[in-house]
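Note sheet for the following structure.
The structure displayed is predicted, hence computed values, not measured ones. Numbering of ligands and ligand atoms starts at 1, following listing order. Sequence positions, counted from 1, serve as the residue numbers for this chain.
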Amino acid sequence: MQKSLTETQIAAYGREGYLVPVAVMSEAEACAARATLERIEAGTGGPLRGDLRHKAHLLFPFLAEMIRHPKILDAVEDILGPDILCWNTNFFIKEAETPSFVSWHQDSTYWGLSSPDVCTAWVALTPSNLDNGAMAVIPKSHTMDQIPHRDTFDRHNLLTRGQEIAVEVDEKEAVPLVLQPGEMSLHHVRLVHGSPPNPSNDRRIGFAIRYIPTSIYQLEGKDSASLVRGEDRYGHFELEPRPETDMQDDMLALHQRLTQGAAQILYRGTGVDNFNDPRAVRG
Ligand SMILES: O=C(O)CCC(=O)C(=O)O
């Protein structure tokens with residue numbers, strides 16, 4: 001029995017590779033999350049950079065709560081089943097009137113996971129629309145295998161390596177995923193997607209939560225994840241604890257160790273081995 005999505009929505013995700021919009025919190029809750037983020041940024045000296053953009057759910061309780069949000073998990077459970085790990089989280093923040101963009105890509109390219117049974121919940125903390133660089137997707141592209149990508153390391157490209165698909169993408173097919181604060185989109189790990197810069201006068205903030213079933217494993221090294229629902233009967237990942245306060249000393253040390261391990265997987269073969277390397281810092 002489904003938890004929150006209808007049969008039609010589940011079928012649409014399977015057929016098209018994405019689902020939008022799914023309401024998961026009120027606009028007031030999303031605005032409160034943005035305010036918390038901006039209070040943290042004020043304390044860390046500006047927009048989150050380097051390793052703070054990755055696995056920030058280990059450092060900040062409001063994000064630890066968000067990855068466990070019942071409405072997000074109910075929808076993800078309808079897609080992935082009852083035993084769910086949050087493998088990673090990434091902030092995708094486009095500052096107002098900046099050139100930051102996301103090239104056309106498939107998420108699966110460098111993640112090293114054993115199966116494409118991976119679903120991203122992209123949660124909007126601000127509006128995301130045609131005026132501020134909303135993500136766009138190529139429907140049904142998730143049915144293709146892994147497509148070759150080339151690394152550009154373009155510093156305005158928000159992806160780890162600035163990787164882009166090495167074949168022509170027919171942009172006429174692209175569908176923008178328009179979201180209000182508090183709504184999310186869901187997308188499959190092989191779906192081709194990307195987004196243009198934000199020319200508007202406000203930031204566009206998305207929090208991307210990568211969910212996997214517990215059966216999946218990492219092919220490229222040791223990796224970690226947070227058990228957010230159900231049971232882990234496989235033990236493929238080091239299970240992450242949950243922070244109680246912002247930037248606890250022990251969680252900072254753990255975050256540094258785990259994001260360094262993650263960077264070694266994502267940047268393998270490039271000489272970059274942590275998210276604070278100048279080639280890895282994005283914005
Ligand atoms: O935030 C964006 O525009 C792109 C996000 C993205 O590529 C992702 O969540 O995988």
>> Any atom of ligand 1 sitting under 4.0 Å from a heavy atom of Arg210?
In response: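 For ligand 1, residue contact (heavy atoms, under 4.0 Å) with Arg210 is present.
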>> Please check whether His193 reaches ligand 1 - meaning an N/O of the residue sits under 3.5 Å from an N/O of the ligand, judged on distance alone.
In response: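 Yes, since at least one N or O of His193 sits under 3.5 Å from an N or O of ligand 1.
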> Can you tell me which residue and heavy atom of the protein come closest to atom 3 (O) of ligand 1, and the distance to 0.1 Å?
Replying inline: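 Result for atom 3 (O) of ligand 1: Ser195 OG, 2.5 Å.
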> Looking at atom 1 (O) of ligand 1, what's its closest protein heavy atom, distance included?
Replying inline: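 For this ligand atom, the closest protein heavy atom is Arg204 NH2, 2.7 Å.
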Atom indices of ligand 1, in the order listed, that fall short of 4.0 Å to a heavy atom of [X]:
X      : answer
Met135 : 3 (O), 4 (C), 5 (C), 6 (C)
Ala208 : 9 (O)
Asp107 : 10 (O)

> Are Val24 and Val228 joined in one hydrophobic group, where the rule is that I, L, V, M, F, W and Y side chains link up if heavy atoms are under 4.5 Å apart?
Replying inline: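 Looking at the clustering, Val228 is in the same group as Val24.
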>> Is it the case that the side chains of Lys94 and Ser195 hold a donor-acceptor pair, with the cut-off being a distance below 3.5 Å and no angle test?
In response: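 Side chains of Ser195 and Lys94: pair found under 3.5 Å.
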> Is there a donor-acceptor contact under 3.5 Å from the side chain of Arg190 to the main chain of Asp117?
Replying inline: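 Flag not set: sc Arg190 to bb Asp117 has no pair under 3.5 Å.
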>> I'd like to check Leu186 versus Tyr211 (side-chain heavy atoms, cut-off strictly below 4.5 Å). Are they in contact?
In response: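 Not touching, per the 4.5 Å side-chain cut-off.
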>> For the residue pair Arg53 and Phe275, would you count it as a cation-pi contact if the rule is NZ or CZ under 6.0 angstrom from the ring centre and within 45 degrees of the ring axis?
In response: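 No, Arg53 does not sit over the ring of Phe275.
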>> Tell me whether Asp277 is salt-bridged to Arg279, with the criterion being a basic N under 4.0 Å from an acidic carboxylate O.
In response: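 Looking at Asp277 and Arg279, the cut-off is not met.
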